[in-house]
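Here is the structure we will look at.
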Amino acid sequence: MQTHILHELTWRGLLAQRTHQDELDQLLASPGVRLYCGFDPSNSSLTIGNLVPLMCLVFFWRHGHRPIALVGGATGRIGDPGGKSAERNLLSDEQIQYNLSCIQRQIEQIIARARTLHPETLPPGGGAHTIDMANNADWMAPWSFLDFLRDVGKLFRVNTMLTKDSVRSRLENREQGISYTEFSYMLIQAYDFFHLFEQEGCVLQVGGNDQWGNITAGTDLIHKKTGQTAYGVTFPLLTTASGEKIGKSEKGAIWLDPERTSPYEFYQYWIQRQDADVIQLLKTFTFLSEEELRAAQADLDAGKNKGQLQQRLAQEVTDLIHGPEETQKAIRASRMLFGEAIQDVNDALLNQIFADVPSTSLERQRLFAGLDLIDLLVEAQLCASKGEARRLIKQGGAYVNNSRQDDNTPLTEAHLASESMLVLRSGKKTYHVVRFR
RNA sequence: GGUGGGAUGCCCGAGCGGCUAAAGGGGACGGGCUGUAAACCCGUUGGCAUUGCCUACGAUGGUUCGAAUCCAUCUCCCACCA
């Protein structure tokens with residue numbers, strides 16, 4: 001990879017703001033720049049949204065720079081006021097510790113996958129070094145409050161802090177306000193940058209655009225303490241064409257943890273993106289080259305995309321997060337689910353395909369007498385009430401083994417798709433497996 | 001502390017004594033078209049039941065044959081004044 005990292009970030013649409021434009025260009029022109037990005041341990045899993053900074057670190061890495069992924073063991077105890085409309089509840093230390101280890105594992109796994117699946121992401125020379133991990137609790141914990149106020153707090157002007165967006169938006173909202181604790185968040189993040197600057201020669205911090213205030217607080221601190229220059233780069237906060245945040249489905253966030261968002265759901269999330277978003281998503285979340293993406297854009301403009309781009313996107317991202325094996329399963333399940341009627345299958349196959357699909361287990365006897373479809377839809381929680389189930393059937397949205405049920409004919413053993421299983425579907429996309437024992 | 005205004009279904013919002021399970025919009029859901037897309041079109045959107053019943057318009061009481069609509073008290077919001 002010979003091109004300039006800032007060039008790559010630009011064409012990927014991942015460059016929002018940066019400090020010292022020309023100087024930074026020059027600095028990044030030669031490899032080996034030490035940089036970092038922070039990850040917040042407010043949850044035990046990262047989401048697709050958190051994947052953006054991680055991708056950025058990998059992009060920097062492939063250009064021969066040396067990223068550090070910092071998990072915020074210390075900052076997590078405080079809470080970043082940025083992007084939050086309300087004060088957040090503090091997490092217990094045990095919780096933070098747990099979250100930290102989970103997130104760290106996720107990050108490491110993704111980096112490892114990027115290495116093996118995408119050799120092109122490796123830095124020139126094959127990547128002797130990897131992306132390093134750090135935890136700011138390691139250097140924040142020993143500080144006493146008084147020492148921190150004397151050595152670090154003294155260098156911050158409250159007047160300046162008040163102008164930062166993250167703080168200002170909370171001050172303007174009189175209902176919510178901001179606690180002294182969250183107000184101080186900025187100092188810690190700024191100090192992190194200073195510490196890494198001193199100890200690791202880390203001269204650049206990257207982050208989402210909402211981190212701009214915290215990043216510049218860090219560069220200011222470094223300048224005050226050392227007289228030297230440090231840099232900051234932010235990427236835009238991505239939204240869909242219709243203005244929603246990326247990575248939120250109706251049901252909530254898309255998690256990287258397979259326990260929370262199954263690989264099948266994860267894959268489906270990407271498949272279901274609309275054309276207007278797919279190019280930006282490919283640019284952000286895959287390693288496709290500029291040429292490939294230009295070709296993709298051309299196809300799209302020519303009206304030639306028939307969902308292939310979404311498929312490519314889903315496959316690439318699921319590979320990276322869950323590995324090729326899980327991706328293949330998700331693809332197989334998707335083919336089956338969105339294909340023809342389900343027949344000539346056995347339990348083993350269905351179990352495999354529907355491994356991630358919610359299921360209900362019922363007494364086999366209930367089939368002998370004829371099982372009421374309305375009751376079943378409610379029991380499987382595909383419908384909230386019998387009225388809703390009736391409506392669903394009437395409107396033609398109820399399916400058994402992918403074949404539409406026009407009326408409430410009782411189900412019998414003849415409806416089993418395999419030895420003991422039956423596949424319910426509501427609408428086009430919502431599946432539920434019923435097992436009879 | 002004073003004076004006004006408000007609280008309606010998932011959300012916004014009309015209704016201001018019977019025709020109100022409550023207009024309209026959004027969202028959501030289902031169908032159609034398509035590519036598991038968008039846009040668009042159609043339909044549904046309190047619960048239970050075979051024309052009926054029950055629960056609902058901040059809470060509690062009251063007036064009335066009849067209340068989301070009138071009255072009283074309470075709770076919570078919002079605006080202006082001090």
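Below, read A as the first sequence line, B as the second, and so on, with proteins coming before strands; counting in each chain starts at 1.
With both ends at atom P, the span from B:G66 to B:U73 equals 23 Å, rounded to whole Å. Comparing the C1' positions of B:G9 and B:A23 gives an interatomic distance of 13 Å, to the nearest angstrom. With P as the reference atom, B:U69 and B:U63 are 15 Å apart, rounded to whole Å. Look at the P atom in both B:U20 and B:A68: the space between them is 13 Å, to the nearest Å. When the P atom is compared between B:C53 and B:C19, the two are found 14 Å apart, to the nearest whole Å. When the P atom is used for both B:C16 and B:A7, the distance is 13 Å, rounded to whole Å. Distance check on atom P: B:A79 versus B:G24 gives 32 Å, rounded to whole Å. Annotation: B:G47 and B:G1 have their C1' atoms spaced 47 Å apart (nearest Å).
Atom CD1 in A:I331 sits about 14 Å away from atom C1' in B:U36, given to the nearest Å. For the pair A:Q280 CD and B:A37 C1', the interatomic distance rounds to 17 Å; values are reported in whole Å. Between A:L392 atom CG and B:U44 atom P there is a gap of 15 Å when expressed in whole angstrom units. Protein atom CG of A:L281 is 14 Å distant from nucleotide atom P of B:A38, rounded to whole Å. When rounded to the nearest whole Å, the span between CZ of A:F338 and C1' of B:A37 equals 13 Å. Rounded to whole angstrom, the span from the CG atom of A:D407 across to the P atom of B:U50 amounts to 16 Å. For the pair A:D277 CG and B:A39 C1', the interatomic distance rounds to 14 Å; values are reported in whole Å. Atom OH of A:Y264 and atom P of B:U36 are 13 Å apart (whole Å).
Comparing A:Q311 and A:G397 by the nucleotide of RNA chain B whose heavy atom lies nearest to each, the residue mapping closer to the 5' end is A:G397.
Applying the side chain to side chain donor-acceptor pair (under 3.5 Å) test to every pair with at least one member in residues 297-308 of chain A, sequence neighbours left out, gives these pairs: A:D275-A:N305, A:Q297-A:D301, A:N305-A:Q310.
Heavy atoms from other residues, nucleotides or ligands lying under 6.0 Å from CD of A:Q365 number 12 at most. Crowding of A:R157 atom CZ: a count of heavy atoms from other residues, nucleotides or ligands under 6.0 Å not exceeding 12. Atom CZ of A:R18 has more than 12 heavy atoms from other residues, nucleotides or ligands within 6.0 Å.
Among the nucleotides B:G32, B:G30, B:U36, the one closest to any side-chain atom of A:R404 is B:G32. Among B:G31, B:G30, B:U36, the nucleotide with an atom closest to any side-chain atom of A:S334 is B:U36.
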Could you list the protein-to-nucleotides 46-49 of chain B atom pairs, N/O on both sides, closer than 3.5 Å?
| from | atom 1 | to | atom 2 | distance (Å) |
| --- | --- | --- | --- | --- |
| B:G47 | OP1 | A:S385 | OG | 2.8 |
| B:G47 | OP2 | A:R391 | NH2 | 3.4 |
| B:C48 | OP1 | A:K386 | N | 2.7 |
| B:C48 | OP2 | A:G387 | N | 2.8 |
| B:A49 | OP1 | A:K386 | NZ | 3.1 |
| B:A49 | OP2 | A:R390 | NH2 | 2.8 |

Polar atom pairs between nucleotides 33-35 of chain B and protein, under 3.5 Å, N or O only, would you list them?
| from | atom 1 | to | atom 2 | distance (Å) |
| --- | --- | --- | --- | --- |
| B:G35 | O6 | A:D275 | OD2 | 2.9 |
| B:G35 | O6 | A:N305 | O | 3.2 |
| B:G35 | N1 | A:D275 | OD1 | 2.9 |
| B:G35 | N1 | A:D275 | OD2 | 2.8 |
| B:G35 | N2 | A:D275 | OD1 | 2.7 |
| B:G35 | N2 | A:Q310 | OE1 | 3.3 |
| B:G35 | N2 | A:Q310 | NE2 | 2.9 |
| B:G35 | N3 | A:G307 | N | 3.3 |

Using atom names, set out every protein N or O paired with an N or O of nucleotides 40-43 of chain B below 3.5 Å, distance rounded to 0.1 Å.
| from | atom 1 | to | atom 2 | distance (Å) |
| --- | --- | --- | --- | --- |
| B:G43 | N2 | A:Q395 | OE1 | 3.3 |

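A:W255 and A:F266 have their aromatic ring centers separated by at least 6.0 angstrom. Between A:Y36 and A:F193, a ring centre-to-centre spacing shorter than 6.0 Å is recorded.
Between A:K429 and B:A37 there is a side-chain polar atom (N or O) within less than 4.0 angstrom of OP1 or OP2. In this structure, A:Y269 does not reach the B:A37 phosphate: none of its side-chain N or O atoms is under 4.0 Å from OP1 or OP2.
Heavy atoms of A:I271 sit under 4.0 angstrom from at least one base atom.
Within the 4.5 Å cutoff, side-chain heavy atoms of A:L337 are placed close to those of A:I353. Between A:N136 and A:Y191, every side-chain heavy-atom pair lies at or beyond the 4.5 Å cut-off. Contact check for A:F338 versus A:N402: no side-chain heavy atoms found under the 4.5 Å cut-off.
Helical stems in RNA chain B, defined as runs of 3 or more consecutive Watson-Crick or G-U wobble pairs with both donor-acceptor distances under 3.5 Å, are listed by first residue as B:1-7 with B:75-81, B:10-12 with B:24-26, B:27-32 with B:40-45, B:46-48 with B:52-54, B:58-62 with B:70-74.
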With ring pair (Phe, Tyr, Trp, His ring centres under 6.0 Å) as the criterion, how do A:F287 and A:F59 come out once you've worked through the C-alpha distance, each side chain's angles and the decisive distance to 0.1 Å? CA-CA 9 Å; A:F287 300 107; A:F59 293 137; 5.8 Å; yes

Would A:R364 and A:E419 count as a salt bridge (charged side-chain N to carboxylate O under 4.0 Å, His left out) if you check the C-alpha gap in whole Å, the side-chain angles of each, and the deciding distance to 0.1 Å? CA-CA 11 Å; A:R364 196 176 184 109; A:E419 295 95 299; over 6 Å; no

Give the C-alpha distance, both sets of side-chain angles, the deciding distance and a yes or no for side chain to side chain donor-acceptor pair (under 3.5 Å) between A:S42 and A:D40. CA-CA 6 Å; A:S42 59; A:D40 179 52; 2.7 Å; yes

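The side-chain tip of A:R62 does not point at the ring of A:F60 from less than 6.0 angstrom away and within 45° of straight on.
A distance-only check finds no donor-acceptor pair linking the side chain of A:T412 to the backbone of A:G370 [under 3.5 Å].
Residues forming a side chain to side chain contact (heavy atoms under 4.5 Å, CB included) with A:Q405 (at least two apart in sequence, or on another chain): A:L373, A:V400, A:S403, A:L411, A:H415.
The side-chain contact (heavy atoms from CB on, under 4.5 Å) test with A:P263 singles out one residue from A:Q328, A:H322, A:K329, and that residue is A:H322.
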